[in-house]
Amino acid sequence: MSTSTQPARGMRDFLPEDVRRRAYVLDVVTDVYERYGFEPLETPAVENIETLLGKYGDEGNRLIFKILKRGEHEQTGQADLALRYDLTVPLARVVAEYRGTLPKFFKRYQIQPVWRADRPARGRFREFYQCDVDAIGSTSPVVEVEVCAAVSDVLERLGFGDFTIRLNHREVLRGLLDGAGVPETLHDTALVAIDKLDKIGASGVVEELVARGVGPGAARQALEAFTATGDASNEAVLARLSTQIGSHASATDGLHTLRAILQLSQATSAGPLLRLDPSLARGLSYYTGAIFEVAVDGIGSLGGGGRYDNLVGMFSSGSVPACGFSLGLERILVVMSERGMFPASVTRSSADVLATVWNADALTDTLALARLLRAAGLRVEVYPDADKIGKQMKYASSRGVRFATIVGDDEQAAGTVMVKDLTTGGQTPVPRGEVAAWLSRRLQSQSA
RNA sequence: GCGACUGUAGCUCAGGGGCAGAGCACCUGACUGUGGCUCAGGGGGUCGCGGGUUCGAGACCCGUCAGUCGCCCCA
C-alpha cells in the first residue's frame, strides 16, 4: 500500500468533523479570554533561528524545527530560520519590538500552531495548537490569579469537572534544593527528576537523582523535602515549606507570592482548584517565579504556564515582567472525544435539507428552491445530478440530512413541495410559499 | 536519539514457500416517484519500498521507509 498520501509524520489533516470540534473549543477559549480583557495577537510561523535558540534549554534546542538556508548555502546544512516552537518567545520578541506602542499592561491571547521535531505519540504531534494567555508589565500576583481563573473558566465551560491546577514556585524549588545540599549547577537536571515523582515513585526519583550526579545523601534529603506526607492541604504544605526553607531569602519571597496567589484566588473560579505541589517543576527553562500546570484526573497535563520575568529582557535591555498560561488544544480534544463531551450541535450533519432534482429539466427549479430555503437561514445541499430518486435519498440518508425536498410532476402542477423527514420516513406536501417557514419550525423544535 | 512489535483491498484483519482472501464499506439490480432492512451480483491489490535465497517469495534473509508501544522529553 502506498503511503505517499499520508500527511507528513506527526502532521494531521483535519476533516470536516475534526474542524467543527476544534472550532467549538476555540470559540469557548476566545470568548473566555476576551472576557478577561485579553487581546488577540498573531505572529509568523517562521522566526529567525537566533530568536528561538537558547530559550528552551538543551532539549528544546534539539526539538526546534530548523529551516535550512536556501540557495547557494543549501549544501552547508546551516539553518537561519526555524518554525515557531511555542507562543511565549514570539510574544517576548513582539513586546521588545513594539515596547513604545503597546499598552502599559499588555494582555494578549494567541491561538496558533507550533512545531516540534519530537517523536509523535498519543495526543502528541509535531504540529499542534496552543491557546496562550499572557499578561506583560506587572509583577502583581493578581496576574497569576487571573490567568489561572481564565483557564479554569475555559475548562469548566467545556464541561471538565475533575481538574486541578498544580501550583509551585521556581525560587521555592531552588531553596529546597539548596537546603538539601544539591549544588546549583545540578538544579535544572535535578528538577527534571523530581518532576517525575508521581510517575516513577520516590525510590525511582532518588535513583534518577543519583544517576544525574546528585550525591546519595543530598538526593534522599531533596526527596524528603519534596515528598508530601500527611496533610496535603494548601495550608499544611505552606507551613511545611516555610520551615524547610528557613531563612533562604529568595525562597521566602517565593513562598510569600504563593501565599498571596492562594489568598487572592479565593475570589475567583480558580480558588478551589489550586493545589500547592512542591514536586511540580516544569521543563521550560525560562520560568522565574510561580509555575502551574492543569491536569485532569487520570489523564495528565492539559496545559501549563508560569512567570518569566527575564525572557523579554533577552530581546532588549531592561527587564519586563510577564506571566502566562498555555492550554494544549490537542490534549483537550483527545479527552473530550474520549469522554463524549461535545454537544450534539457540534456533530450535527452538514445540511438541514437535501434538495433532490427530479430530472435534468428541473435543475434550475431546484436551485431556485434551494435559494428560497437558504434565504430563510436553512442549510441546503443541492443534489447535482438527475439520478434516480432512490439514489438521491440514499445519499441524503448517508449524509445524515434530516429533510429532503422532492418536486416531481405532481408537485410542480400543484405548486407544492414534497418534504420528506428522513428520521420518521413520513412525507408531507407543503405549498411552495410556506416550505421555508415550515422547515424552519420543524428544525427549531428539534434542536431546542 | 535508544529498544520491542507491526506493515496484505477504502477500513479491520486472515493467509507463515505452490491460483490474492474474509467481514465491513462502495457500486449495480430485485424496487419505472423514495433512504435504512433483506436477497442476488459486481468493481477494487506494485501484499510498504529495494535487493537477496529459491524452479517458484505476500511468506524466508538483508537493507530501507512508515506506523504503534516503552525510554527520553513535552502540550
Side-chain angles (χ1 to χ4, degrees), chain A residues 1-12 56-64 84-88 111-132 151 188-189 191-193 195-196 199-200 204 208 211-212 281-285 292-296 299-306 324-335 349 354 356-359 362 383 386-413 418-429:
Chain A
M1 191 181 81
S2 169
T3 59
S4 60
T5 56
Q6 290 182 348
R9 176 173 207 191
M11 311 285 176
R12 291 157 300 158
Y56 306 107
D58 290 343
E59 187 69 14
N61 284 347
R62 202 180 58 114
L63 296 178
I64 292 172
R84 186 167 57 214
Y85 182 87
D86 73 353
L87 303 178
T88 308
I111 300 170
Q112 286 191 280
V114 302
W115 292 268
R116 294 188 189 175
D118 203 355
R119 173 162 204 159
R122 175 174 177 67
R124 223 171 113 189
F125 309 93
R126 293 180 135 184
E127 177 184 54
F128 60 96
Y129 277 69
Q130 290 192 324
C131 314
D132 279 32
V151 166
D188 283 341
T189 183
L191 290 179
V192 172
D195 199 37
K196 293 191 212 168
K199 203 189 275 184
I200 61 178
E208 180 120 5
R212 285 168 188 263
R282 290 197 59 79
L284 294 175
S285 57
F292 14 79
E293 183 164 298
V294 62
V296 173
I299 298 288
S301 170
L302 296 181
F325 207 112
S326 174
L327 277 177
L329 176 63
E330 322 303 336
R331 291 275 170 88
I332 291 174
L333 287 165
V334 166
V335 176
S349 66
L354 177 76
T356 65
V357 54
W358 186 248
N359 55 37
Y383 197 92
D387 284 337
K388 286 164 64 175
I389 290 297
K391 199 169 175 182
Q392 301 189 43
M393 285 299 163
K394 194 168 181 175
Y395 177 75
S397 182
S398 73
R399 299 284 292 127
V401 174
R402 181 170 169 197
F403 290 105
T405 59
I406 303 167
V407 182
D409 299 335
D410 297 346
E411 288 79 13
Q412 196 63 256
M418 187 65 81
V419 179
K420 173 158 182 153
D421 186 336
L422 280 288
T423 57
T424 64
Q427 56 185 25
T428 322

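Order of the sequence lines fixes the chain letters, A, B, ..., with proteins taken first and strands second; residue numbering starts at 1 for each chain.
- Using the six-membered ring where Trp is involved, A:Phe292 and A:Phe325 have ring planes that are parallel, under 30° apart on the 30 and 60° scheme.
- Checked by distance alone, A:Lys388 brings no side-chain donor or acceptor within 3.5 Å of a matching partner on the base of B:rG33.
- Considering only side-chain atoms of A:Lys420, the nucleotide from B:rA75, B:rU34, B:rU28 that sits closest is B:rU34.
- When the C1' atom is used for both B:rG41 and B:rC47, the distance is 27 Å, rounded to whole Å.
- Rounded to the nearest 0.5 Å, atoms NZ (A:Lys420) and OG1 (A:Thr356) are 10.5 Å apart.
- A stacking contact between A:Tyr395 and B:rG35 is absent: the pair does not combine a ring-centre distance of less than 5.5 Å to the base's six-membered ring with planes differing by less than 30°.
- Taking atom P in both B:rC11 and B:rU68, one finds a spacing of 15 Å when rounded to whole Å.
- The CG-C1' distance, from A:Asp387 to B:rG35, rounds to 14 Å in whole Å.
- Pairing for B:rC74 is absent, with no Watson-Crick or G-U wobble pair whose two atom distances lie under 3.5 Å.
- Contacts of A:Lys394 with the nucleic acid, taken as non-hydrogen atoms under 4.0 Å apart, involve only primed sugar atoms and P, OP1 or OP2.
- Picking from B:rC73, B:rU28, B:rA75 the nucleotide with the shortest atom distance to the side chain of A:Lys391 gives B:rU28.
- Base pairing of B:rC5 is made with B:rG67, judged by Watson-Crick or G-U wobble geometry with both donor-acceptor distances under 3.5 Å.
- Nucleotide B:rC24 has B:rG10 as its partner under the Watson-Crick or G-U criteria, with both atom distances under 3.5 Å.
- What you find for A:Asp132 and A:Thr88 is that their closest heavy atoms are OD2-OG1, 3.5 Å.
- When side chains are defined from C-beta on, A:Leu354 does not count as touching A:Phe403, because their heavy atoms never get closer than 4.5 Å.
- Here the separation of B:rC13 from B:rG17, taken at their C1' atoms, is 22 Å to the nearest Å.
- One can place CG of A:Leu422 at 6 Å from C1' of B:rG35, the figure rounded to the nearest angstrom.
- Base orientation at B:rG16 is syn, since its O4'-C1' glycosidic dihedral falls within 90° of 0.
- Using the Watson-Crick or G-U wobble rule with both distances under 3.5 Å, B:rC19 pairs with nothing in any strand shown.
- Looking at heavy atoms from C-beta onward, A:Val401 lies out of side-chain contact with A:Leu422 at the 4.5 angstrom threshold.
- No contact: A:Gly304 has no heavy atom under 4.0 Å from any strand.
- Atom name C1', nucleotides B:rG7 and B:rA14: the rounded distance is 15 Å, in whole Å.
- Remark: the backbone N or O of A:Val357 is paired with a side-chain donor or acceptor of A:Gln392 at under 3.5 angstrom.
- In this structure, A:Glu293 atom CD and B:rA75 atom C1' are separated by 9 Å, rounded to whole Å.
- In this structure, CZ of A:Arg331 is placed 5 Å from C1' of B:rA75, rounded to the nearest angstrom.
- At a threshold of 4.0 angstrom between heavy atoms, the contacts of A:Ile406 include nucleobase atoms, whether or not backbone atoms are also involved.
- Across every strand in view, B:rG45 sits unpaired, with no contact that passes the Watson-Crick or G-U test at under 3.5 angstrom.
- One interatomic measurement links the two molecules: CG of A:Leu191 to P of B:rC74, which rounds to 11 Å at whole-angstrom precision.
- Between A:Gly303 and A:Asp421, the one whose closest nucleotide on RNA chain B sits nearer the 5' end is A:Asp421.
- The nucleotide whose nearest atom lies closest to any side-chain atom of A:Arg212 is, among B:rC73, B:rU34, B:rC74, B:rC73.
- The pairing partner recorded for B:rG56 is none, the criterion being a Watson-Crick or G-U wobble arrangement whose two distances lie under 3.5 angstrom.
- To the nearest whole angstrom, the two C1' atoms, one in B:rC69 and one in B:rG58, are 25 Å apart.
- B:rC39 is paired with B:rG29 under the Watson-Crick or G-U wobble criterion, all donor-acceptor distances under 3.5 Å.
- As rounded to whole Å, 16 Å separates atom P of B:rC74 from atom CG of A:Asp132.
- Taking every heavy atom of both residues into account, A:Leu302 and A:Val335 meet most closely at CD2-CG2, 4.2 Å.
- The separation between A:Leu302 atom CG and B:rA75 atom P is 12 Å, rounded to whole Å.
- Atom name P, nucleotides B:rG42 and B:rA59: the rounded distance is 30 Å, in whole Å.
- For the P atom pair drawn from B:rA4 and B:rA75, the interatomic distance equals 30 Å after rounding to whole Å.
- Nucleotides B:rG18 and B:rC27 are separated by 36 Å at their P atoms, to the nearest Å.
- The two residues A:Pro113 and A:Arg84 have their closest heavy-atom pair at O-NH2, 2.6 Å.
- When heavy atoms are screened at a 4.0 angstrom cut-off, A:Gln392 is found touching no nucleic acid atom at all.
- One can find a donor-acceptor pair under 3.5 Å joining the base of B:rG33 and the side-chain atoms of A:Glu411.
- Distances were taken from every side-chain heavy atom of A:Ser397 (C-beta onward) to each of B:rU34, B:rC72, B:rG35; the shortest belongs to B:rG35.
- Computed from coordinates, the A:Asp118 CG to B:rC71 C1' distance equals 13 Å when rounded to whole Å.
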